[in-house]
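One structure is given here, and the rest of the page talks about it.
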Amino acid sequence: MEANILVVDDEQEIADLVSVYLRGEGFRVFPCGTGTEALEVVGREEINLAVLDVMLPDISGLTLCAELRREHQFPIIMLTAKTEDTDKITGLTVGADDYMTKPFSPLELVARVKAQLRRYTSYNSGERKNEEVITVGSLTINKTTHQCWLSDELLNLTPIEFDILWLLCSNRGKVISAEELFETVWGEKYLDRNNTVMVHIRRLREKLKEPSRNPRYIKTVWGVGYKVE
């Protein structure tokens, strides 16, 4: 799998270790020690995925993530300190697709990179065979083109946001638990107190312009899960 990976971490040993493992899988790696350097690389190279540390010497990795999300939809994996749960939630809120806590297994990071790239490649494949389209009210979601329209507005969804919405829409009227959503979309075992799904649902509702008290599309069934009616 050929891809350009941006690795942003000011700890040289970690950056070198991650780079060695990724290069061993055939990836082209662009290591950076600062957010400023990372933005320069993204400006001149075609990046397919970014691994960002939260703690950087010039700007926060969270700020960098938000800045990248303004113009780019490639997957972003955040690296956070083990005790900083707020960083995980904030990272997902500003546009990260996944996160790992330090210390981490380089092999697990490589596996997550590959999983995100597979989803991203599928999202941008452009195939047009037997288009699958679901319409719910003013919402139209096309699995083949990976496009989602709200009335006449094309929504800017990340691959994971699209997968969540497609799963809910394709099971219209059925309540999907947070555990099932996580294990289907992320392909990993769901752990208790995992806020990942909740944060992505909140971000999806914002893009769908959902009223906070009575959302039109993604309903919360308290203590059970989520559904699209």
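Sequence positions, counted from 1, serve as the residue numbers for this chain.
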Rounded to the nearest 0.5 angstrom, the CD-CG distance for Gln147 and Leu154 is 5.0 Å
Heavy-atom closest pair (Leu64 atom, Ala38 atom, distance to 0.1 Å) is CD2-CB, 4.0 Å
So Tyr226 and Val197, side-chain contact (heavy atoms from CB on, under 4.5 Å) or not? Walk me through it. CA-CA 10 Å; Tyr226 306 93; Val197 171; 3.9 Å; yes
Main chain of Ala15, side chain of Asp9: is a donor-acceptor contact present, judged purely on distance under 3.5 Å? no
Output for pair (Leu6 CG, Phe30 CZ), nearest 0.5 Å, gives 8.5 Å
Between the CG atom in Leu49 and the CZ atom in Phe27, the distance rounded to the nearest 0.5 Å is 8.0 Å
- Decide yes or no on side-chain contact (heavy atoms from CB on, under 4.5 Å) for Asp98 and Glu188, but give the supporting numbers first. CA-CA 11 Å; Asp98 200 359; Glu188 299 177 17; 4.1 Å; yes
OG1 (Thr135) and CG (Asn142) are apart, to the nearest 0.5 Å, by 9.5 Å
Closest non-hydrogen atoms of Glu11 and Lys102, given as atom of the first, atom of the second and distance, are OE2-NZ, 3.3 Å
Tightest non-hydrogen contact, residues Cys32 and Val41, listed as SG-CG2, 3.7 Å
Q) Quick check: does any side chain N or O of Arg216 sit under 3.5 Å from a backbone N or O of Pro211, one acting as donor and the other as acceptor? A) no
Practice problem: Check whether any side-chain N or O of Asn48 sits under 3.5 Å from a backbone N or O of Asn4 as a donor-acceptor pair, and report yes or no. | Solution: yes
**Message:** When you group the ILVMFWY residues by side-chain heavy-atom contacts below 4.5 Å and let the links chain together, are Val94 and Leu204 in the same group?
**Reply:** no
Shortest non-hydrogen pair, Asp10 vs Pro57, comes out as CB-CD, 3.6 Å
Here the gap from Ser177 atom OG to Lys227 atom NZ, rounded to the nearest 0.5 Å, amounts to 14.5 Å
| said: If we ignore hydrogens and angles and just use 3.5 Å, is the side chain of Glu161 paired with the main-chain N or O of Thr158 as donor and acceptor? | reply: yes
Sub-3.5 Å donor-acceptor pair from the side chain of Lys207 to the main-chain atoms of Asn156, do we have one?
-> yes
Query raised in the report: Could you go step by step and tell me if Ile160 and Gln116 meet the side-chain contact (heavy atoms from CB on, under 4.5 Å) rule?
Result: CA-CA 9 Å; Ile160 280 185; Gln116 290 293 337; 3.8 Å; yes
message = What I'd like to find out is whether the side chain of Phe104 reaches to under 4.5 Å of the side chain of Leu79, using heavy atoms alone.
response = yes
Side chains of Leu62 and Val54: does their closest heavy-atom pair fall under 4.5 Å?
yes
**Asked** Just by modelled atom types, is the Ile218 backbone N or O under 3.5 Å from a matching donor or acceptor in the Glu210 side chain?
**Response** yes
Do the non-hydrogen side-chain atoms of Thr36 and Glu40 ever get within less than 4.5 Å of each other?
yes
Is the backbone of Glu229 close enough, under 3.5 Å, to the side chain of Arg172 for a donor and an acceptor to pair up by distance?
yes
| Is it true that Arg69 and Asp97 have a side-chain N and a carboxylate O under 4.0 angstrom from each other? | yes
Is it true that a side-chain atom of Ser138 and a backbone atom of Leu150 form a donor plus acceptor pair closer than 3.5 Å? no
Item to complete: Using the rule that two of Ile, Leu, Val, Met, Phe, Trp, Tyr join whenever any of their side-chain heavy atoms come within less than 4.5 Å, decide whether Val136 and Trp149 are in one cluster.
Response: no
- Is Met55 atom CE crowded by more than 12 heavy atoms from other residues, nucleotides or ligands, each under 6.0 Å away? no
(request) Report the C-alpha distance between Leu39 and Leu68 in whole Å, list the side-chain angles of each, state the deciding distance to 0.1 Å, and finish with yes or no for side-chain contact (heavy atoms from CB on, under 4.5 Å). (result) CA-CA 8 Å; Leu39 290 173; Leu68 292 174; 4.0 Å; yes
Just by distance, do the side chain of His146 and the backbone of Lys143 share a donor-acceptor pair under 3.5 Å? yes
- Does Tyr217 share a hydrophobic cluster with Val224, counting links as ILVMFWY side-chain heavy atoms below 4.5 Å and allowing steps through other members? no
Fill in: Hydrophobic cluster membership, Ile201 vs Phe162, 4.5 Å side-chain cutoff
yes
Checklist entry - For atom CD of Glu108, is the number of surrounding heavy atoms from other residues, nucleotides or ligands below 6.0 Å larger than 12? => result yes
Would you say Val20 and Val110 are hydrophobically clustered, going by side-chain heavy atoms of ILVMFWY under 4.5 Å? no
To the nearest 0.5 Å, atom OG of Ser170 lies from atom CG of Leu165 at 9.5 Å
Sorted by chain and number, sequence neighbours left out, ring-ring contact (aromatic ring centres under 6.0 Å, His included) with Trp186 holds for Phe182, His200
For Cys65 and Ala96, the nearest pair of non-hydrogen atoms, with its separation, is SG-N, 3.6 Å
Here the pair of heavy atoms bringing Cys148 nearest to Leu139 is SG-CD1, 3.3 Å
